[in-house]
Amino acid sequence: MVSQAERASPASGGRPLGPVAAHDRLPQLEDLPDVAGKRVLVRCDFNVAVRRGRVVNDQRIRAATPTLQWLVRRGAAVTVCTHLGRPGGRVDPRLSLDHVRRVLHDLVPEAALMENLRFSPGEEANDPAFVEVLVRDQDLFVNDAFATAHRSHASVVGPPTRMPAAAGRLLSREVEVLTALRARPRRPFVAVLGGEARPELIESIRSLVRFVDTVILGGRLAFSAVSALAVLAGDRGTARLAGSPVPPEVWAELVGSGRLVVPVDVVTVADGDPGDARTYASVPAGSQAVDIGHRSAARFGQILSRAGTIFWDGQMGDPDGPSCSAGTRAVAEAVAGSSAFTVVSGAATVDTVERLGLGAFFDHVSTGGAASLELLRDGDLPGIRVLRHAATRSAPAG
């Protein structure tokens with residue numbers, strides 16, 4: 001395995017990470033007016049798993065502590081806001097932040113925590129009236145919630161239009177790393193994607209194949225491609241994935257780009273029976289694909305071993321199916337063992353990497369999922385763009 005300390009930066013020639021251009025610079029905590037005695041609203045992402053009355057993994061809460069402690073040490077009165085789950089704009093006691101509040105108090109006792117933002121329909125609707133509720137009696141705003149930066153929600157894009165604003169440490173680092181991947185990666189640049197075959201993910205692939213060297217597919221995304229390509233090739237014994245939003249012709253077009261790599265074999269089971277797991281070059285009718293096969297894992301490993309930069313988001317197996325972990329483990333070990341600059345993203349993928357004890361072998365473990373992929377794809381996000389505009393209104397004291 002290759003440790004973080006032994007890796008180079010993603011910038012060509014091992015140059016340190018930094019802003020891509022002056023106009024892209026995010027306002028930092030140091031750019032805020034003097035925070036002493038000021039009331040500061042901080043948007044964090046504490047959307048964590050809570051089971052049986054306790055927070056299962058407090059990593060996201062801990063990740064925000066550098067920003068919160070910086071503010072507290074300088075005399076700010078800090079109020080944190082976050083969402084938890086999807087209550088749909090209604091109060092749901094099961095998604096109360098009481099358990100999160102206890103963890104935050106242990107880490108940063110001085111920080112207050114508002115109740116779940118999504119208990120109000122105004123949050124996801126970006127209602128100006130709800131923005132006014134959030135910023136009432138506040139002097140400054142800090143966004144440290146990268147995982148929600150792709151959302152045009154009230155707490156993300158509203159406060160920077162009302163008061164001086166800046167990016168927190170976590171948000172700044174995420175933007176720094178992912179922007180550098182897009183602008184100046186070490187080649188070859190390999191993206192590994194898994195998960196569902198959602199239309200928006202297909203659009204991401206269309207964009208990625210324009211500036212990455214290779215896109216490797218796994219998970220249901222890949223199983224859809226394998227089935228579609230087999231059908232196009234005239235394999236009448238191959239299962240058509242019911243309800244797949246991706247037409248076979250789209251997969252043929254993407255593979256034809258020469259930059260998309262799909263599995264050459266998949267592990268399938270009949271009727272969900274893991275005891276009947278077999279490996280095929282396609283998905284036989286009446287069966288379910290649950291993982292990439294050994295040949296695919298080996299092929300992916302060879303590509304990853306030659307990479308200069310790797311971005312990985314999405315498991316290789318079906319997360320709801322049996323016998324689905326071998327492919328993900330093989331890819332995780334290949335990425336961790338690579339000398340490339342490596343980024344892992346997406347809650348399920350990050351959890352897998354941490355569970356395998358490989359987190360220390362990745363250069364950057366992103367707190368984003370969709371936000372990471374969208375920033376890599378588009379180069380900007382609503383929550384980041386509004387902060388850049390805020391920079392013209394915020395001037396440091398002195």
* Single-linkage hydrophobic cluster F300~V264, side-chain heavy atoms < 4.5 angstrom -> no
* Does V56 belong to the same Ile/Leu/Val/Met/Phe/Trp/Tyr cluster as L356, with side-chain heavy atoms less than 4.5 Å apart forming each link? ->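 No; tracing contacts between hydrophobic side chains, which count when under 4.5 Å, never links both residues.
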[X]: side chain to side chain contact (heavy atoms under 4.5 Å, CB included) partners, not counting sequence neighbours:
X: S120; result: F130
X: V255; result: L229, L260, V262
X: A167; result: L26, L171, S172, L387
X: H99; result: V50, V55, R102

Minimum heavy-atom distance between [X] and [Y], given as atom pair plus value:
X: T268; Y: S287; result: CB-OG, 3.9 Å
X: V190; Y: A307; result: CG2-CB, 3.7 Å
X: F223; Y: V290; result: CZ-C, 3.7 Å
X: F341; Y: V343; result: CE2-CG2, 3.7 Å
X: F119; Y: D92; result: CZ-O, 3.1 Å
X: A252; Y: L232; result: CB-CD1, 3.8 Å

* To do: Would you mind listing every side-chain hydrogen bond (donor to acceptor under 3.5 Å, both in side chains) that reaches into residues 106-119, with sequence neighbours excluded?
  =>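 Listed by first then second residue: S96-E115.
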* Asked: Does any pair with a residue in residues 129-142 pass side-chain hydrogen bond (donor to acceptor under 3.5 Å, both in side chains), and if so which ones, sequence neighbours excluded?
  -> R39-D139, E132-R162
* Does the D144 side chain pair with the main chain of C44, one donor and one acceptor, at a distance under 3.5 Å? -> no
* Report yes or no: does T352 contribute a side-chain atom to a donor-acceptor pair with the main-chain N or O of A348 at less than 3.5 Å? => yes
* First locate atom CZ of R101, then atom NE2 of H105, and finally report the distance between them rounded to the nearest 0.5 Å. =>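 It is 11.0 Å, given to the nearest 0.5 Å.
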* Asked: How long is the gap from OG on S155 to CG on L41, to the nearest 0.5 Å?
  -> 8.0 Å
* Could you go step by step and tell me if S152 and N126 meet the side-chain hydrogen bond (donor to acceptor under 3.5 Å, both in side chains) rule? -> CA-CA 7 Å; S152 294; N126 190 18; 6.0 Å; no
* Asked: For residues 54-71, which residue pairs qualify under salt bridge (charged side-chain N to carboxylate O under 4.0 Å, His left out), counting only residues two or more places apart or in two chains?
  ->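 For residues 54-71, and leaving out neighbouring residues, the salt bridge (charged side-chain N to carboxylate O under 4.0 Å, His left out) pairs sorted by first residue read D45-R60, D58-R62.
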* **Pairs touching residues 251-266 that satisfy salt bridge (charged side-chain N to carboxylate O under 4.0 Å, His left out), sequence neighbours left out** =>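 Sorted result for residues 251-266: R206-E253.
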Going by the rule salt bridge (charged side-chain N to carboxylate O under 4.0 Å, His left out), which residues pair with [X] if we only count those two or more places apart in sequence or in a different chain?
X: D378; value: none
X: R169; value: E30
X: E123; value: R43
X: D127; value: none

Is it the case that [X] and [Y] place a side-chain donor and acceptor less than 3.5 Å from each other?
X: S224; Y: W251; answer: yes
X: S366; Y: S372; answer: yes
X: R186; Y: T309; answer: no

* Could you give me the CA-CA distance, side-chain angles and deciding distance for H364 and E174, then say whether side-chain hydrogen bond (donor to acceptor under 3.5 Å, both in side chains) is met? => CA-CA 9 Å; H364 184 67; E174 295 273 18; 2.9 Å; yes
* To do: Verify salt bridge (charged side-chain N to carboxylate O under 4.0 Å, His left out) between D34 and R74, making sure each step is shown before the conclusion.
  => CA-CA 8 Å; D34 185 2; R74 285 159 178 78; over 6 Å; no
